[in-house]
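Whatever order the structure lists them in is the order used to number ligands and atoms, beginning at 1. Throughout, numbering of the chain's residues begins at 1 and tracks the sequence.
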Amino acid sequence: MKISKIMKITGIGNYFPKKILTNNDLEKMIDTSDEWITTRTGIKQRRIAAEDESTSAMAAKAARKAIKGAGLKPSDIELIMVATITPDMNFPSTACLVQAEIKAFNAASLDIGAACSGYVYGLSIARAYIASGVYKNILLIGAEKLTSITDWTDRNTCVLFGDGAGACVLQPGYTNSGIQSILLGSDGRKGGLLYIPAGGSKMPSNQQTVNEHLHFIKMKGSELFKVAVTKMTEAAVGALEMCGMTPDDIDMLVPHQANIRIIRAVGKKLKLSDERVYTNIEHYGNMSSASIATALNEAVIKGRIRKGNIAVLTAFGGGLTWGACVIKW
Ligand code: UT7
């Protein structure tokens, strides 16, 4: 059997829930303004999943499109990975729930816990399986229902997040296009900058944790901001160096969509014009692991990334985690 060291994205699919929450809607809920949210974050609106619409349901919808796009059937998929911080439940894994939903019964299934960097971590896991010849058809999904862990009374965080899912199918490639390099990193010492205190084994749920809103995202925004800019830039440069490239080679940077000011700062450090940096934060807010997934797919669908282009993904999130990936499309 011929084993390929190159992994290609052969199918893509996005899903966004229908309901839109605008900044003007938020003005009626908390003490904020469209002007503050737009200038401080770049977000104009975000999608909100229906109450009965779970992360796995959104993931399955994106997955079906990606599998169809790759010309496969769900039964061809050998591994399903879902990057998420909003699993339907602690277990079974969201990947197992997606498997049942899309009827991909020949697959192994696992979730990835790397927060906003989860999709890039997932690409790296998939590449290891493909390069070692273990699997040939892998489904990777970044899916989040962040509005289910958002404290709607906390204006520091509730204006930032949205729901959605992006998926891809990954297969061995036999030309030089595909994933060229991936660089990952983490710093567990800074985990307290972005986390959910309760609901795990350290602080199980009880009436007090609910009363104190400890099941929602807690974030030290301005401290994270600086680390995000540094790590996303360093990761992109490092991943480019791994395959003998520099930021000059980038046709399209697809950064994690946490804040337009972070994105612009990274673009500036890499000396990229705005046209070479893809954003969808204005429409969807921060969707954690689904941000890079959907932004990459959208850039391809809109023709902003074309055959032969060099796309660089760069991610940063809770953990802390970061990662970057160079793709020749
Ligand atoms: O996805 C994972 C990674 N996430 C990140 O990396 C997020 C990084 N951080 C950020 O994007 C930004 O720090 C935020 C958007 C979260 C906050 O922006 P900031 O420019 O750092 O604002 P700040 O937290 O320093 O707050 C500035 C002021 C404060 O008022 P005072 O204390 O100066 O009077 C806040 O109370 O803005 C106030 N503020 C708001 N005002 C209106 C905070 N949130 C709001 C709001 N509306 N929604």
Can you see whether Trp322 has Lys231 sitting over its ring - NZ or CZ less than 6.0 Å from the centre and within 45° of the normal?
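The answer is yes, since Lys231 meets both limits relative to Trp322.
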Heavy-atom distance to [atom]: which of [options] wins?
| atom | options | value |
| --- | --- | --- |
| atom 35 (C) of ligand 1 | Lys231, Lys226, Arg155 | Arg155 |
| atom 46 (C) of ligand 1 | Asp31, Ile43, Thr32 | Thr32 |
| atom 20 (O) of ligand 1 | Gln257, Arg40, Met287 | Arg40 |
| atom 16 (C) of ligand 1 | Glu223, Glu27, Met219 | Met219 |

For [atom], is the nearest protein heavy atom under 4.0 Å away?
| atom | answer |
| --- | --- |
| atom 33 (O) of ligand 1 | no |
| atom 42 (C) of ligand 1 | yes |
| atom 23 (P) of ligand 1 | no |
| atom 6 (O) of ligand 1 | yes |
| atom 18 (O) of ligand 1 | yes |

I'd like to check whether [X] has a polar contact with ligand 1, where a contact means an N/O of the residue lying under 3.5 Å from an N/O of the ligand.
| X | value |
| --- | --- |
| Ser33 | no |
| His256 | yes |
| Ala228 | no |

Residue pair Thr209 / Asn211, side-chain heavy-atom distance below 4.5 Å
no
For [atom], what is the nearest protein heavy atom, given as residue, atom name and distance?
| atom | result |
| --- | --- |
| atom 25 (O) of ligand 1 | Ser222 CB, 4.4 Å |
| atom 1 (O) of ligand 1 | Asn286 ND2, 2.7 Å |
| atom 8 (C) of ligand 1 | Gly221 O, 3.5 Å |
| atom 27 (C) of ligand 1 | Trp36 CZ2, 4.4 Å |

Neighbour count >12 (heavy atoms, 6.0 Å) for atom CZ, Phe105:
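Yes, CZ of Phe105 has more than 12 neighbouring heavy atoms, counting only those of other groups under 6.0 Å.
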NZ/Lys269: more than 12 non-hydrogen atoms of other groups inside 6.0 Å
no
Enumerate the atoms of ligand 1 whose separation from the nearest heavy atom of [X] is less than 4.0 angstrom.
| X | value |
| --- | --- |
| Ile262 | 6 (O), 8 (C) |
| Cys116 | 1 (O), 2 (C) |
| Thr41 | 15 (C) |
| Asn259 | 10 (C), 11 (O), 12 (C), 15 (C) |
| Leu194 | 2 (C) |
| Arg261 | 18 (O), 19 (P), 20 (O) |
| Ala258 | 1 (O), 4 (N), 5 (C) |
| Val159 | 48 (N) |

Could you walk me through whether Val312 and Met252 pass side-chain contact (heavy atoms from CB on, under 4.5 Å), step by step?
CA-CA 6 Å; Val312 174; Met252 189 59 72; over 6 Å; no
Check the pair Glu298, Tyr278 against side-chain hydrogen bond (donor to acceptor under 3.5 Å, both in side chains), reporting the backbone distance first and the verdict last.
CA-CA 9 Å; Glu298 227 178 50; Tyr278 195 81; 2.7 Å; yes
Throw together a table of side-chain donor-acceptor distances under 3.5 angstrom for residues 70-84, partners on residues two or more places apart or in other chains.
residue : atom : partner : partner atom : Å
Asp76   : OD2  : Lys73   : N            : 2.7
Glu78   : OE1  : Lys136  : N            : 2.7
Glu78   : OE1  : Asn137  : N            : 2.6
Thr84   : OG1  : Thr86   : N            : 3.0
Thr84   : OG1  : Thr86   : OG1          : 3.3
Thr84   : OG1  : Ala143  : O            : 2.7
Thr84   : OG1  : Glu144  : OE1          : 3.1

Any luck finding a side-chain donor-acceptor pair between [X] and [Y] under 3.5 Å?
| X | Y | answer |
| --- | --- | --- |
| Asn24 | Thr22 | no |
| Arg264 | Asn259 | no |
| Ser273 | Glu275 | yes |
| Asn14 | Thr294 | no |

In Å, rounded to the nearest 0.5 Å, how long is the span from CD1 of Ile217 to CD1 of Ile85?
5.0 Å
Test Phe316 against Val120 for side-chain contact (heavy atoms from CB on, under 4.5 Å), laying out the working first.
CA-CA 10 Å; Phe316 172 82; Val120 177; over 6 Å; no
With a 4.0 Å cut-off on heavy atoms, does Asn156 reach ligand 1?
yes
Checking the side chain of Gln257 only, and the main-chain atoms of Pro255 only, is there a donor and an acceptor separated by less than 3.5 Å?
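Yes, Gln257 side chain to Pro255 backbone: donor-acceptor pair under 3.5 Å.
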In sequence, state the C-alpha distance, the side-chain angles, and the governing distance for Gln171 and Met7, and then conclude on side-chain contact (heavy atoms from CB on, under 4.5 Å).
CA-CA 6 Å; Gln171 295 183 299; Met7 178 174 83; over 6 Å; no
